[in-house]
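Heads up, the thing below is written out as structure tokens.
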Amino acid sequence: MLRSKDQLGDDPTRAGGGEATVKASRILLFVVAPLLILMLPLAVYLADRSMNSGTLPRNVSIAGIDVAGLPPDEAFTVVRAYQEGIFAEPSAFTVNGMTYEVYPNNVGMRIDVDSAVATAISQTDHTVLSGFVPWVRSFSTKLEIPVEVTIDGASIDHYVQLWELAAIPEPAFDGDITIVDGGVVITYPNAGLRIDRDAALNIIEATMLDGVEHVAEIPLVDRVPVLSDEQLDEAATTVETLISRPITLHNDDAEATLIVLRSEMAAAVTIDIVTTSPAHIDIGLDPDIIATTLESRLAQFEQPPVEVQIATNVATGRVSVTPPEYGTRVDVDTLAEALYAAAFNGGRGDLPIVTDIEPRITAEQVEAWGTLGLVSSFTTRYTAGQPRVTNIQTMARTVDDSIVWPGETFSINEKVGQRTEAKGYVRDGAIINGEVYCCDSPVNVGGGVSQFGTTFFNAVFFGGYEDI
């Protein structure tokens with residue numbers, strides 16, 4: 001049955017299908033569109049990551065210097081230029097109305113540029129997935145990487161002392177004890193103004209790192225000495241006792257005697273005034289100075305270990321062993337303590353000699369070997385008087401009495417070295433390029449010694465040496 005176009009359009013079945021298709025398209029649109037919106041930043045991220053691979057993130061700065069997007073080598077250059085700029089100019093400080101300048105190098109100032117740049121580079125160490133969130137944050141959050149600055153506290157303290165002496169008429173003083181021309185000199189403490197050392201360290205470091213041209217004021221504080229005159233007197237008495245006479249140390253077992261002069265004791269004395277609570281004065285002897293001062297004399301008490309001696313008798317097959325002995329030395333750390341104690345014991349004490357230098361093979365290891373004797377032998381017979389026999393005998397004498405310790409490798413070539421006429425070798429047949437050749441070539445010097453290697457190999461390996 002034929003139908004008109006109008007009739008076909010009115011077909012409810014066809015109309016329902018069209019509505020279903022429209023609905024499906026709308027649903028697909030609502031699903032795909034958000035996905036496309038979500039995928040867009042990810043696509044931008046991947047493209048940005050690819051284009052800027054090998055550069056620092058866009059939000060990174062080091063010590064206030066913008067290094068965003070720079071390759072690592074350029075970042076190093078930029079930050080180092082900043083460092084050089086700081087080091088080129090002095091910083092100014094005022095102390096009690098007087099102005100002083102200090103260059104960074106003069107106080108041992110160091111800026112760890114390498115670590116700061118390395119930290120900045122590490123911000124890019126992300127996988128594709130883990131790097132997405134940091135990438136998003138880089139558009140709104142700045143990442144400041146500090147530089148580590150170190151300043152030599154001893155150098156600053158040196159400047160502080162100079163400033164106190166120059167800018168403060170009567171600065172506070174904690175007292176001191178010194179040795180001058182073999183005598184003990186006491187400088188007693190007094191109250192007054194002092195530079196606040198902790199504050200000075202922080203101010204100097206911050207001012208130098210800032211690089212801004214301005215004068216920083218170093219604060220002063222009233223200081224009351226924490227050490228008494230009596231404490232300095234007592235410490236001075238201790239120092240006087242240490243340097244009052246030569247010190248004699250003796251060791252009965254080694255029959256050794258060491259005499260240390262007053263001047264040598266004085267050179268090793270350490271005096272440390274501690275102002276933290278409880279305030280006190282530490283008196284001692286510096287082991288390093290003692291070791292350096294007495295080095296040549298201490299050497300006479302240092303004996304190397306005596307190694308085990310092994311003697312063989314080929315005729316009887318007997319092996320005699322002389323046990324090893326430990327080496328001796330002076331214990332320098334204990335020596336300082338011994339000298340200190342002897343100074344308060346009439347100038348005499350024990351010399352600390354120790355026997356702790358082990359020989360290569362200890363007596364315990366030798367004992368574990370058990371009884372030693374002939375293990376194996378191999379004989380190769382030859383006609384006497386031949387040139388090759390001379391070479392074999394010369395090599396045998398060189399190798400004789402060799403000792404191969406456990407774990408070592410023995411090389412005949414290393415032991416014997418180049419076979420030369422000066423060593424007693426003569427010319428005889430040698431294999432040259434696969435052919436036996438004799439005898440005008442220098443290569444022929446020592447010819448025939450391969451026979452020795454064959455005998456040695458059979459004696460060592462087929463004779464059972466590997467079973468030892």
Side-chain angles (χ1 to χ4, degrees), residues 108 152-155 157-158 161-162 165 173-189 227-276 278-306 325-358:
D152 181 20
S155 298
D157 195 60
H158 172 71
Q161 292 180 33
L162 294 178
L165 293 174
F173 185 64
D174 292 319
D176 195 14
I177 298 173
T178 56
I179 300 175
V180 180
D181 296 330
V184 179
V185 177
I186 305 174
T187 306
Y188 291 103
L227 288 172
S228 65
D229 292 355
E230 291 75 16
Q231 286 176 291
L232 269 80
D233 289 335
E234 182 180 349
T237 300
T238 299
V239 175
E240 288 172 348
T241 303
L242 286 174
I243 65 174
S244 62
R245 60 169 70 87
I247 304 297
T248 301
L249 300 181
H250 181 74
N251 187 286
D252 292 333
D253 294 334
E255 298 183 353
T257 301
L258 173 68
I259 299 176
V260 182
L261 304 178
R262 290 183 62 235
S263 59
E264 294 170 330
M265 291 289 289
V269 170
T270 59
I271 304 170
D272 186 15
I273 295 180
V274 182
T275 58
T276 55
H280 61 282
I281 304 173
D282 286 332
I283 308 296
L285 296 172
D286 190 324
D288 293 332
I289 294 179
I290 290 174
T292 302
T293 303
L294 306 179
E295 182 178 7
S296 60
R297 273 176 284 163
L298 295 180
Q300 64 181 311
F301 307 119
E302 298 179 356
Q303 300 296 329
V306 177
E325 297 178 8
Y326 278 77
T328 61
R329 67 177 180 86
V330 176
D331 188 336
V332 178
D333 291 333
T334 306
L335 176 60
E337 299 172 4
L339 289 170
Y340 191 98
F344 294 88
N345 190 36
R348 293 187 173 274
D350 295 327
L351 177 62
I353 294 180
V354 295
T355 55
D356 61 355
I357 305 178
E358 285 192 351

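We use all heavy atoms of the structure for the numbers below, so side chains are in, but hydrogens, waters and symmetry mates are not. Along the sequence shown, residues are numbered consecutively beginning with 1. Predicted, not measured: the structure shown is a model, and the values here were computed from it.
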Less than 4.5 Å apart, side chain to side chain, heavy atoms only: is that true for [X] and [Y]?
X: I179; Y: V239; value: yes
X: T248; Y: T257; value: yes
X: L227; Y: I281; value: yes

Applying side chain to side chain donor-acceptor pair (under 3.5 Å), can you list everything that pairs with [X], at least two apart in sequence or on another chain?
X: D356; answer: R329
X: Q303; answer: none
X: D229; answer: none
X: D252; answer: H250

Can you give me the closest heavy-atom contact between [X] and [Y], atom names plus distance?
X: I357; Y: T328; answer: CD1-O, 3.6 Å
X: V269; Y: I271; answer: CG1-CG1, 4.0 Å
X: I247; Y: A343; answer: CD1-CA, 3.7 Å
X: P305; Y: E358; answer: CG-O, 3.7 Å
X: T355; Y: Y326; answer: O-CD2, 3.9 Å
X: G347; Y: R245; answer: CA-CD, 3.7 Å

Does the pair T270 and L285 meet the rule for a side-chain contact (heavy atoms from CB on, under 4.5 Å), with working shown? CA-CA 6 Å; T270 59; L285 296 172; over 6 Å; no
With sequence neighbours left out, write down each residue that passes side chain to side chain contact (heavy atoms under 4.5 Å, CB included) with [X], or none if nothing qualifies.
X: I186; result: Y188, L232, D233, A236
X: V306; result: E325
X: T275; result: D174, R223, V226, I273
X: D181; result: none

CD/Q300: more than 12 non-hydrogen atoms of other groups inside 6.0 Å: yes
For E240, I'd like to know if atom CD has over 12 heavy atoms of other residues, nucleotides or ligands within 6.0 Å. yes
Any sub-3.5 Å donor-acceptor pair from D176's side-chain atoms to T187's backbone N or O? no
State, without any angle test, whether Q161 and D157 hold a side-chain donor-acceptor pair at a distance under 3.5 Å. yes
Review item, side-chain donor-acceptor pairs of residues 258-268, under 3.5 Å, at least two apart:
unit_1	atom_1	unit_2	atom_2	d
R262	NE	I243	O	2.5
R262	NE	S244	O	3.4
R262	NH2	G182	O	3.4
R262	NH2	I243	O	3.2
E264	OE1	L261	N	2.9
E264	OE1	R297	NH2	3.0
E264	OE2	R297	NH2	2.1

Rounded to the nearest 0.5 Å, what separates atom CD in E302 from atom CG in L298? 6.5 Å
Result block: side-chain N/O donor-acceptor pairs under 3.5 angstrom for residues 331-341, not counting sequence neighbours:
unit_1	atom_1	unit_2	atom_2	d
D331	OD1	D333	N	3.3
D331	OD1	T334	N	3.4
D331	OD2	T334	OG1	3.0

